[in-house]
2 protein chains.
Amino acid sequence: MVQARRSSKKTRVTSLDIAHRAGVSQATVSRVLRGSPLVNADTRCRVEEAVRELNYKVDRHASSLRTQRAGTLALLLFEDPTADDSHINPFFLAMLGSITRACARHGHDLLVSFQQLSDDWHADYDDSMKADGLILLGYGDYLAYESTLAQLVAQGTHFVRWGHVWPDQPGVTIGCDNANGGRLAGRHLLQLGRRRIAFLGNASDGFPEFQARHRGCAQALAEAGLSLAAELQVNADSTEQAGYEAARALLAHGRSFDAVFAASDLIAIGAMRALQDAGLRVPADVAVVGFDGTPMARFCNPPLTTVVQDTTTAGELLVQALLAQVRGEDAVSLMLQPTLDVRASSIA
Amino acid sequence: MVQARRSSKKTRVTSLDIAHRAGVSQATVSRVLRGSPLVNADTRCRVEEAVRELNYKVDRHASSLRTQRAGTLALLLFEDPTADDSHINPFFLAMLGSITRACARHGHDLLVSFQQLSDDWHADYDDSMKADGLILLGYGDYLAYESTLAQLVAQGTHFVRWGHVWPDQPGVTIGCDNANGGRLAGRHLLQLGRRRIAFLGNASDGFPEFQARHRGCAQALAEAGLSLAAELQVNADSTEQAGYEAARALLAHGRSFDAVFAASDLIAIGAMRALQDAGLRVPADVAVVGFDGTPMARFCNPPLTTVVQDTTTAGELLVQALLAQVRGEDAVSLMLQPTLDVRASSIA
DNA sequence: CTGAAAGCGCTTACAG
DNA sequence: CTGAAAGCGCTTACAG
């Protein structure tokens, strides 16, 4: 099989070309480029000039082959297999953005890959040396891939995960204090005089983040001597469609409620539409609070009160924790504190 | 500087280990893994078994160093320097998603990088062999980087660009038929009986895509013997904020209009808010049409009529065109036809 | 169909 | 401070 060469391109400039031009050995060129202090200032200048003149760039493959380090991290984004093509969860998209920037700040490249939880993805990126470490991001049933995490640890693969933080979890996890986020939402609604709060979102064991949001909200109510009524909880995945349907189900059952705490912004936006379609006013009849702090929350009508996860900090911490591991240092799991953005969906 | 080794990890399995285990030469292992037909079926099986048993993965750096091909594409996303961290244009985020998937389908990895137009980015990814080719995506003033494109061509860098398609452009561009999109929007509004159509978006030479959308809409009006009034055009970047301000400016001037065609969904969503804040009803008083077909368009209130760019097809075509170039084949620029999604922001 | 060997372009002890 | 040399792990003519 004949592969076309990049015919239009001049033959590649190597460190040997630089060495000739600068009148030094190839080893010295390498030292200059790696920033070694063992180089005479004059020599350094000559080499740097040659590098500039010939527009030389170090070959990453040769360098990585030698050093056994890729200078690259891989982001594996796990998607709900049912997700349609254009529909990546906006929260994870925001995370992708902040992780990309964090990688750049730390001088690393980022490989991005979308995966299904069911895939046999494993540590392919790591094993083939494409990346020094993995960042795992995603939704779907946590239980489904817990065993894979243990395997990654056993193999010595460097990785960090964004998600719910448990006490004895395999590997390093950075996550949001979801319970506290739920508490913020609950207290806010209580302050507004709401008493019958519905929770929309899957609160089963496979979805520990949603579960913690639910638990936190329940705690806030308990502090006030109230409780989150079980019949006002409806399961929903994190999609607008699921939120719409969950709110419809709630209405269909004829149960009275004066507030909705949705486990995600998408669910909240879907729920608001269902409420409005049913002739209810938001927030006059039903106050709505979401979770995530996605850009959409500002644009919907009415603008959505939401528990904000700071994706910029999250991305930075994920990258820092991963690079620490790569350097052989210890990294620990930790939780970020969310904040509440109050908008018109909850206050009149 | 002492670098910690990945101490917890067993020493790396190489093709030589596989060769020993399978009782063949290392060269044969490589042949099997590359899918060479010059291997006995039996031998192939033995090698494949050893690969499985030892969980061997080809070292990408060694392979790429030898073949001079990275098996990786790089996506350079150019951002408005003023963009705040969490605020990547949702249209480009959707493109990122579809490009990631398209790369996976074609067996390539994707490196993602955010860049500022002003940066001296150039062809770093290509020169350092990190990627076989570049996908350029972004907004901001086109004129600002046209010369850089010519330079890429001169260097023989493989790249494709998403953007406005001109007749004699350097390199390969895939883009939307923006003029036709503008025509779709214009005709739609005319059909609804609207006559005084405002255009929100920067229609200067530096923004050829917006300009084409404006031109197309003007043509639709011209076909009906009408015209797009110059005093109803207000510049706006593609942000919700800019859309809000542009609509405010329009209202402040006291000019009458019964429809808004916004150059992007973000502009449209901002404009809708400004109109509603001013007590106008959408669409009863003013019909609004956006451009892009972002997910947000469905969620806002009222849901937004918008000219849809098919990001899935766009991503696939970008990757195909780039890989064709990498193989040494010719690739040509082409335009995708947009469609119109009619929603409640234009029809009652 | 298979093996021995060269070589991709670096980095880094080692010797001076 | 600098150079000569080994070697990272592959792929692919070349010879059989």
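Put simply, B:T28 has a side-chain N or O that comes within less than 4.0 Å of OP1 or OP2 on C:dG3. Here B:Q68 reaches the OP1 or OP2 of C:dG9: one of its side-chain N or O atoms lies under 4.0 Å away.
Across all their heavy atoms, A:T100 and B:V112 have their closest contact at CG2-O, 3.9 Å. Between A:I174 and A:V332, the closest heavy-atom pair is CD1-O, 4.3 Å.
As a whole-Å value, the separation of B:R60 CZ from D:dT11 P is 11 Å. Note: CZ (B:R12) to P (D:dG9) measures 7 Å, nearest angstrom. Separating the CG atom of B:L38 from the C1' atom of C:dG3 is a distance of 13 Å, rounded to the nearest angstrom. Nucleotide C:dC8 holds its P atom 13 Å from the CE atom of B:M129, rounded to whole Å. As rounded to whole Å, 8 Å separates atom C1' of C:dC10 from atom CG of A:L65. The CG atom of A:L16 sits 12 Å away from the P atom of D:dG3 (whole-angstrom rounding). Between B:R66 atom CZ and D:dA13 atom C1' there is a gap of 8 Å when expressed in whole angstrom units. As rounded to whole Å, 14 Å separates atom C1' of D:dT2 from atom CG of A:D42.
Nearest nucleotide to the B:V58 side chain, out of C:dT2, D:dA4, D:dT11: D:dT11. Comparing D:dG9, D:dT12, C:dT12 by their closest approach to the side chain of B:A62 singles out D:dG9. Listed nucleotides C:dT12, D:dT12, C:dT2 differ in distance to B:V39; the shortest reach to its side chain belongs to C:dT2.
Residue A:S15 is classed as a sugar-phosphate contact, given heavy-atom separations below 4.0 Å to backbone atoms only. Using a 4.0 Å heavy-atom distance criterion, B:T43 is classed as a sugar-phosphate-only contact. Looking at heavy-atom distances under 4.0 Å, A:S63 makes contact with sugar-phosphate atoms alone, never a base.
For the P atom pair drawn from D:dA6 and D:dT2, the interatomic distance equals 23 Å after rounding to whole Å. For C:dG9 and C:dA13, the P atoms lie 23 Å apart once the distance is rounded to whole Å. Comparing the P positions of C:dC10 and C:dC14 gives a spacing of 23 Å, expressed to the nearest Å.
Take A:S15 and apply the side chain to side chain contact (heavy atoms under 4.5 Å, CB included) test, not counting sequence neighbours, and it matches A:Q26, A:V29, A:Y56.
Under the 3.5 Å distance criterion, with hydrogens and angles disregarded, a donor-acceptor pair is assigned to the side chains of A:R60 and A:T72.
Under the side chain to side chain donor-acceptor pair (under 3.5 Å) test applied with B:N55, the options B:R52, B:E53, B:K57 reduce to a single match, B:K57.
Under 4.0 Å is where a charged nitrogen must lie from a carboxylate oxygen, and between B:E316 and B:R105 at least one such pair does. With respect to B:R12 and B:D59, a salt bridge is recorded, a charged nitrogen being found less than 4.0 Å from a carboxylate O.
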Problem - Nucleotide-level pairing of DNA chain C, given in dot-bracket where Watson-Crick and G-U pairs need both distances under 3.5 Å and | marks other strands - result: |||.||||||||.|||
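Note that the CG atom of B:L323 and the CG atom of B:L73 stand 5.0 Å from one another [nearest 0.5 Å].
Residue-to-nucleotide proximity on DNA chain C shows that, of A:H61 and B:N40, the 5′-proximal contact is made by B:N40.
Put simply, the side chain of B:R31 and the base of C:dG3 share a donor and an acceptor less than 3.5 Å apart.
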